[in-house]
Every structure is written in structure tokens, then in C-alpha cells.
Amino acid sequence: AQSVTQPDIHITVSEGASLELRCNYSYGATPYLFWYVQSPGQGLQLLLKYFSGDTLVQGIKGFEAEFKRSQSSFNLRKPSVHWSDAAEYFCAVGRAGGGNKLTFGTGTQLKVEL
Amino acid sequence: NAGVTQTPKFRILKIGQSMTLQCTQDMNHNYMYWYRQDPGMGLKLIYYSVGAGITDKGEVPNGYNVSRSTTEDFPLRLELAAPSQTSVYFCASSYDTGNQPQHFGDGTRLSIL
């Protein structure tokens with residue numbers, strides 16, 4: 001069965017500082033990997049996705065993520081955080097077929113200090 | 001383009017009452033999903049559907065029922081509400097190819113007292 005671990009429940013960074021949110025997955029084959037962001041009272045918005053090819057993927061709002069098969073990781077990064085990035089971030093893993101179901105991590109709450 | 005629309009946004013139920021959470025999408029997606037989100041637990045899949053007339057259980061289906069009579073609509077029904085069903089419920093949809101992301105509604109916050 002596939003699983004996702006986000007080891008950091010809360011992270012606080014200063015505005016303008018760099019950010020890295022960790023995500024580790026467990027899956028037998030090449031996974032489909034996603035990062036979503038959730039602002040308070042809102043649904044989930046897709047930041048970026050990885051299916052195959054280049055292991056460094058670019059997303060919206062200046063985010064990027066790197067797929068490392070050897071480490072079973074898909075960490076999310078941003079070079080310079082803005083106050084508006086404060087939100088909860090979810091990593092998810094899926095597979096082809098079977099309804100494209102996703103397994104989500106438990107989320108990382110990001111706080112940005114001004 | 002409305003995307004995925006969920007109604008109501010908020011609801012308070014008494015134990016034992018029933019209700020239907022509505023979800024509709026206008027993107028002509030074949031795949032639709034219902035999740036519940038509890039603090040610190042991420043999202044758990046309740047039910048999903050791969051097309052009209054086809055539904056299947058997810059990870060936490062007990063206490064819920066679904067139907068899919070049209071491509072657009074995927075209602076979730078709670079028959080006998082219990083306090084353990086207090087949660088935020090999200091509906092999502094996606095295209096039916098292997099690598100398409102899911103698109104989410106804004107959620108329904110449900111409290112059972």
C-alpha cells in the first residue's frame with residue numbers, strides 16, 4: 001500500500017528566507033507525486049506535480065520540488081518566502097488506474113514571520 | 001468556470017439526523033471523490049466514482065453512502081449522524097487519464113452535536 005510521510009507538523013520561517021518542506025513516500029513502482037496548498041477555509045490548490053522525466057519540477061507561486069528516487073522523497077522548496085505563503089501544505093502520492101486515488105500526508109503548517 | 005461546487009458550506013446536525021452533502025462539477029470529469037479532513041490527519045478518502053453509475057469505497061466509508069446518477073453530481077449521504085462524523089468534507093474531481101490532478105471544492109464544515 002502506498003503511504004506518505006510529512007515529518008514536520010509546523011514550520012516557521014521569516015519572510016524572505018528560503019523554505020524546504022519534506023515529503024517521503026512509500027510505493028512499489030514509479031509514483032505520481034503532488035503538492036497541494038490549503039489556505040484557511042479553502043479547498044486544496046495544486047502547486048505542482050511529478051509523473052516522469054525531469055526530476056526537478058516547477059510549480060505555481062515560485063515553488064519547485066525535486067523527486068529523489070533513491071531517498072523516496074519529493075521535497076518542496078521556495079527560495080524566498082512571502083507572507084502570503086502562510087498556509088498548510090500537503091504532499092500526495094497516486095498511481096495510474098484504479099480511479100487515480102491519492103494518498104495524502106498529514107500536512108505541514110507553514111507560518112511566516114514578518 | 002465554477003469548477004467543483006459544494007453545498008452547504010456549514011451545517012450543524014443533531015445525533016441521529018441525516019443529511020446529504022451536495023457536490024457538482026462543470027469540467028466534465030469522469031472521476032469524483034469524497035474526502036474528510038480531520039486536524040492532524042490529512043485527507044482520508046471516503047468514496048470515489050469513476051463514472052456515472054459506478055462508485056466504490058475508499059479508506060473510511062462506514063456511515064456514509066454515495067450515488068452517481070450523472071457525470072456532474074456526486075452527493076454524499078449521512079444516514080445516522082454520529083459525533084465521530086464531525087469533520088470538514090471535501091469533494092474533488094479529475095479527468096480519467098493516469099496522471100491528472102484532482103480539483104477540489106471549498107469544503108463543507110459539518111458539526112454533529
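By convention in this document, chain letters (A, B, ...) are assigned in the order of the sequence lines, proteins followed by strands, and residues within each chain are numbered from 1.
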Note to self: Can a side-chain donor-acceptor contact be found between A:Ser18 and A:Arg77 if the only test is distance below 3.5 angstrom?
What the structure shows: no

Item checked: Aromatic plane relationship, B:Phe104 with B:Tyr35 - under 30° parallel, 30 to 60° tilted, over 60° perpendicular -> tilted

Next item on the list: Let me know if B:Gln102 has heavy atoms under 4.5 Å from chain A in its side chain, its backbone, both or neither.
Entry: both

Notebook entry, point to check: Do A:Asp8 and A:Arg22 meet the salt-bridge criterion of a basic N to acidic O distance under 4.0 Å?
Noted result: yes

Margin query: Need one label for A:Gln6: side chain, backbone, both or neither, based on atoms under 4.5 Å from any heavy atom in chain B.
Written below: neither

Next item on the list: Side-chain contact test, heavy atoms from C-beta onward, threshold under 4.5 Å: evaluate it for B:Arg68 versus B:Val66 and give yes or no.
Entry: no

Next item on the list: Quick one: which of B:Val4, B:Leu43, B:Asn30 has the most heavy-atom pairs under 4.5 Å with chain A, could you say?
Entry: B:Leu43

Notebook entry, point to check: Picking from B:Lys9, B:His103, B:Gln37, which has the most non-hydrogen pairs under 4.5 angstrom with chain A?
Noted result: B:Gln37

Check: So which part of A:Leu102 gets closer than 4.5 Å to some heavy atom of chain B, the side chain, the backbone, both or neither?
Finding: both

Margin query: Need one label for B:Leu45: side chain, backbone, both or neither, based on atoms under 4.5 Å from any heavy atom in chain A.
Written below: side chain

Checklist line | Test log, rule side-chain hydrogen bond (donor to acceptor under 3.5 Å, both in side chains), inputs B:Tyr33 and B:Ser94 | finding: CA-CA 9 Å; B:Tyr33 313 85; B:Ser94 77; 3.2 Å; yes

